[in-house]
J.: 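Next up is a structure, given as structure tokens.
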Amino acid sequence: MEQKNAPIYEALEKHRLDRIVHFDVPGHKGGRGNKELTEFLGEKCLKVDVNSMKPVDNLNHPVSVIKEAQELAAEAFGAKSCFFIVSGTTAAVQAMVMSACKAGDKIIMPRNVHKSAINALVICGAIPVYINPGINKRLGIALGMSISDIEKAIEENPDAKAILVNNPTYYGICSNLKKIVEIAHKHNMLVLVDEAHGTHFYFGENMPVSAMKAGADMAAVSMHKTGGSLTQSSILLCGENINNDYVRQIIGLTQTTSASYLLLASLDLARKNLSLNGAEIFRRTVELSQYARNEINSLGGYYAFSTEIIDNDAVYDFDITKLSINTRDIGLAGVEVYDILRDDYGIQVEFGDLGNILAIISAGDRGKEIERLISALYEIKRLYSKDPTGMYDLNYIDPDVVYAPQQAFYSSKKPVFIKDSAGMISGEFVMTYPPGIPILAPGERITEEIINYIAYAKEKGSLLMGTQDMNVEKIYVLEE
Amino acid sequence: MELWYTEKHTKNVRYSIKVNKQLVSVESEFQRIDVFDSYEFGRILVLDGYLMLTEKDEFMYHEMITHVPIAVNPDIKDVLVIGAGDGGAIRELTKYDFIEKIDMVEIDKMVIDICRKYIPQTASKLDDERVNIYYEDGLKFVRSKQDKYDLIIVDSTDPFGPGETLFTREFYGNCYKALKEDGILVNQNESPYYPNDAKAMQKAHKIIKSIFAVARVYQAHVPTYPSGHWMFGFASKKYDPVADLKEEWWNSLGIYTRYYNTDLHKGSFAIPNYVKELLGYA
């Protein structure tokens with residue numbers, strides 16, 4: 001196959017030039033029906049916002065250009081097959097979990113997964129077996145999965161159907177994926193990888209091993225994060241052990257039947273660009289992030305961590321394109337630095353948690369943006385730094401899972417104030433977003449420690465969500 | 001055959017100058033650089049299509065960006081000039097014997113090389129022994145300096161393109177840190193007239209005002225810039241640009257200028273009402 005081809009893009013270009021008369025949806029008819037929107041997005045964009053039809057294939061039953069584009073992507077990523085996803089990596093993660101597990105099946109996963117994974121359990125009724133990811137106390141971040149913990153979980157749950165691995169984590173931490181695959185396959189378990197932040201592993205040089213290379217069975221890859229496609233577009237990769245036709249059915253349970261061709265074309269062109277230029281793109285990304293890391297570390301007060309945290313276990317490898325910066329020593333929570341950067345300096349970083357900020361570096365950045373970030377951090381230190389004593393010491397809160405997420409979510413529930421909820425069982429999620437890793441998931445017992453953590457995150461300005469109560473003051477708990 | 005150079009002052013306004021010939025046109029790592037020879041204005045430097053200077057009126061701009069701060073503090077010895085690859089600001093500074101050191105930071109070496117070759121009128125003093133040229137990003141240079149300069153002159157291009165980092169809070173904050181306790185900062189502050197320029201003027205002034213104890217703006221007439229009405233910022237940790245003007249001292253130096261004088265100095269801080277409104281002083 002020729003990676004320089006882009007079948008969906010080419011079909012859309014042809015379609016545009018053919019000047020077909022449309023008596024089908026979308027009703028804006030190439031933008032004529034919505035002038036303000038056309039002015040805003042551009043006529044070219046609206047002209048290719050079309051519905052499924054023969055010349056451009058159908059995502060739910062691909063037989064021509066979408067099929068070819070998916071095959072090209074599978075080849076580029078070293079997978080047996082590939083599915084284009086238009087409802088975010090959330091949908092790709094859910095498709096993995098739902099393809100591997102039915103109601104009542106067990107799935108082994110770290111507790112620091114993105115909410116999309118636990119959401120999938122609410123939908124399909126699978127039972128989580130959580131692995132403590134461990135915490136780096138200095139940084140206040142959760143780590144990867146250690147092999148001994150996985151072996152123990154497998155021994156205690158030999159009937160589990162799959163292991164879900166978050167690789168890399170938002171912060172860039174990787175687990176020993178090859179070894180995990182080896183152990184899992186020995187016990188007839190599938191390995192599903194949430195690779196939302198790892199598109200570049202497939203194309204960059206000297207990167208941590210990718211899911212497909214490590215022999216994993218499925219991987220959800222957020223092309224829009226570091227791969228250059230449009231927001232909300234994603235891909236699901238499958239290996240040899242997977243029945244693709246069943247996976248397509250599972251995806252079809254929840255995915256739209258009106259897939260956006262803007263998103264599909266963006267996946268097609270992003271894959272082409274990565275295949276042809278990926279090595280150079282990520283070489284530049286690494287160069288920029290390494291430069292920024294060195295400069296930020298020389299400012300003092302900040303710790304932009306890197307491969308030195310590798311311990312060959314829970315931190316098996318580190319993704320050096322990630323620029324995670326610990327802000328503790330200047331006495332500010334990451335989320336406080338995150339807010340100052342945006343409000344005072346006009347710089348938006350990916351997220352701030354209690355101890356760190358994360359800046360996403362890509363080939364779209366230029367030297368001068370990197371200088372702005374470094375200089376703004378210096379200024380924030382000069383103007384706002386304070387004594388770090390008394391800052392929250394993050395601990396891994398081992399969840400007491402009383403009921404499976406689905407059972408808890410659909411139980412009879414009543415609202416109580418979070419501050420009064422100690423000892424009760426949560427019927428909802430509570431998380432800060434980003435990163436969207438639940439502090440509480442449905443079915444878990446609420447403790448004083450969790451209540452204090454939520455209050456502290458709120459005080460520092462984190463955006464909390466997940467509860468029905470938009471102010472996140474009340475929480476639905478199980479009626480017992 | 002007629003050859004015209006046209007700059008779009010806004011989407012709907014064009015300013016055209018008849019050109020005798022194009023002397024050079026190159027694409028540097030950062031921008032496109034053109035030099036034209038014109039009938040009306042002599043040689044013209046153009047970066048990315050925007051007019052930077054003409055031989056005929058550059059003195060108005062360069063005298064106002066340099067002599068105003070110096071007439072306020074006779075003890076200026078260490079000066080940092082950011083941007084200014086044409087050398088015009090440097091030429092004015094070298095008129096003062098008591099200035100000991102001039103660091104100049106220009107991101108694009110090619111601008112300097114071309115000005116040396118084609119516009120010696122402004123570049124003539126770049127080889128003065130007090131001048132040290134650094135080819136770096138201004139923001140990067142200044143963030144490693146502390147308590148070092150008496151005067152910083154920000155002779156930037158526009159808030160887009162290679163000069164865009166020079167319009168940010170982090171840049172001016174780092175300049176504050178790089179200045180001594182009685183330091184002065186003067187900056188090219190855009191124009192109040194056309195809306196997009198006015199927005200840049202407002203933004204730069206708002207940032208500088210939030211950082212420095214004293215922050216004022218002053219104006220000059222630069223005919224070949226959009227609308228011809230141009231602003232500069234004067235910021236200081238200590239000195240007021242008018243109350244602290246050393247009028248007699250400066251006049252005793254006998255510096256030859258064609259635009260600047262100490263009466264104009266005082267008057268240039270008197271700004272029109274619509275500009276006051278834009279800057280929130282009305």
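The structure presented is a predicted model; accordingly, all values stated were derived computationally and were not measured. So that the names make sense, note that chain A is the first sequence line, chain B the second, and so on, each numbered from 1.
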J.: How about CD on Glu181(B), more than 12 heavy atoms from neighbouring residues, nucleotides or ligands closer than 6.0 Å, or not?
T.: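 No, not enclosed.
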J.: With distance as the sole test, does Arg382(A) use its side chain to make a donor-acceptor pair with the main-chain N or O of Gly173(B) at under 3.5 Å?
T.: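 Present.
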J.: Given heavy-atom pairs under 4.5 angstrom as the criterion, report whether the side chain, backbone, both or neither of Leu383(A) touches chain B.
T.: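 Nothing of Leu383(A), per the 4.5 Å heavy-atom cut-off to chain B.
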J.: Rounded to the nearest 0.5 Å, what's the gap from CD1 on Ile370(A) to CG on Asp137(B)? Could you check?
T.: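 Reported value, rounded in 0.5 Å steps: 11.5 Å.
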J.: Above 12 or not: heavy atoms from other molecules or residues under 6.0 Å from CZ of Phe351(A)?
T.: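 Result for CZ/Phe351(A): enclosed.
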J.: Does atom OH of Tyr239(B) have more than 12 heavy-atom neighbours from other groups under 6.0 Å away?
T.: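 Result for OH/Tyr239(B): enclosed.
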J.: More than 12 heavy atoms of other residues, nucleotides or ligands under 6.0 Å from CD of Glu136(B): yes or no?
T.: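 Correct, the count exceeds 12.
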J.: One pair to check against salt bridge (charged side-chain N to carboxylate O under 4.0 Å, His left out): Glu371(A) and Arg143(B). What are the steps and the verdict?
T.: CA-CA 9 Å; Glu371(A) 288 304 332; Arg143(B) 79 178 149 77; 2.8 Å; yes
J.: Any chance you could measure Glu170(B), atom CD, to Ile380(A), atom CD1, to the nearest 0.5 Å?
T.: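 Going from the CD atom of Glu170(B) to the CD1 atom of Ile380(A) covers 9.0 Å.
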J.: In terms of heavy-atom proximity below 4.5 Å to chain A, should Tyr176(B) be classed as side chain, backbone, both, or neither?
T.: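 The answer is the side chain of Tyr176(B).
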J.: Would one find more than 12 heavy atoms of other residues, nucleotides or ligands at under 6.0 Å from atom CD of Glu308(A)?
T.: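 Above 12, so yes.
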J.: Does a side-chain heavy-atom distance below 4.5 Å link Arg169(B) with Arg372(A)?
T.: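 No - every pair of side-chain heavy atoms lies 4.5 Å or more apart.
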J.: Would you say the side chain of Glu369(A) lies within less than 4.5 Å of the side chain of Thr165(B), judging by non-hydrogen atoms?
T.: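 No, too far: nothing below the 4.5 Å cut-off.
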J.: Would you find more than 12 non-hydrogen atoms of other residues, nucleotides or ligands less than 6.0 Å from Asp343(A) atom CG?
T.: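 Enclosed.
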J.: With side chains defined as the heavy atoms from C-beta onward, is the minimum distance between Tyr378(A) and Lys177(B) less than 4.5 Å?
T.: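 Answer yes - side chains close enough.
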J.: Chain A heavy atoms under 4.5 Å from Asn174(B): which part of the residue, side chain, backbone, both or neither?
T.: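 Both backbone and side chain.
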J.: How long is the gap from OG1 on Thr168(B) to CD1 on Ile347(A), to the nearest 0.5 Å?
T.: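 Reported value, rounded in 0.5 Å steps: 7.5 Å.
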J.: More than 12 foreign heavy atoms under 6.0 Å from OH of Tyr194(B): is that the case here?
T.: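 Yes.
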J.: With a sphere of 6.0 Å drawn around CD of Glu13(A), does it hold more than 12 non-hydrogen atoms of other residues, nucleotides or ligands?
T.: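 More than 12 heavy atoms, drawn from other residues, nucleotides or ligands, come within 6.0 Å of this atom.
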J.: To the nearest 0.5 Å, how far apart are CG in Leu299(A) and OG in Ser144(B)?
T.: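 So the gap between those two atoms works out to 10.5 Å.
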J.: Most heavy-atom pairs under 4.5 angstrom with chain B, which of Glu295(A), Lys368(A), Arg366(A)?
T.: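 The candidate making the most pairs under 4.5 Å is Lys368(A).
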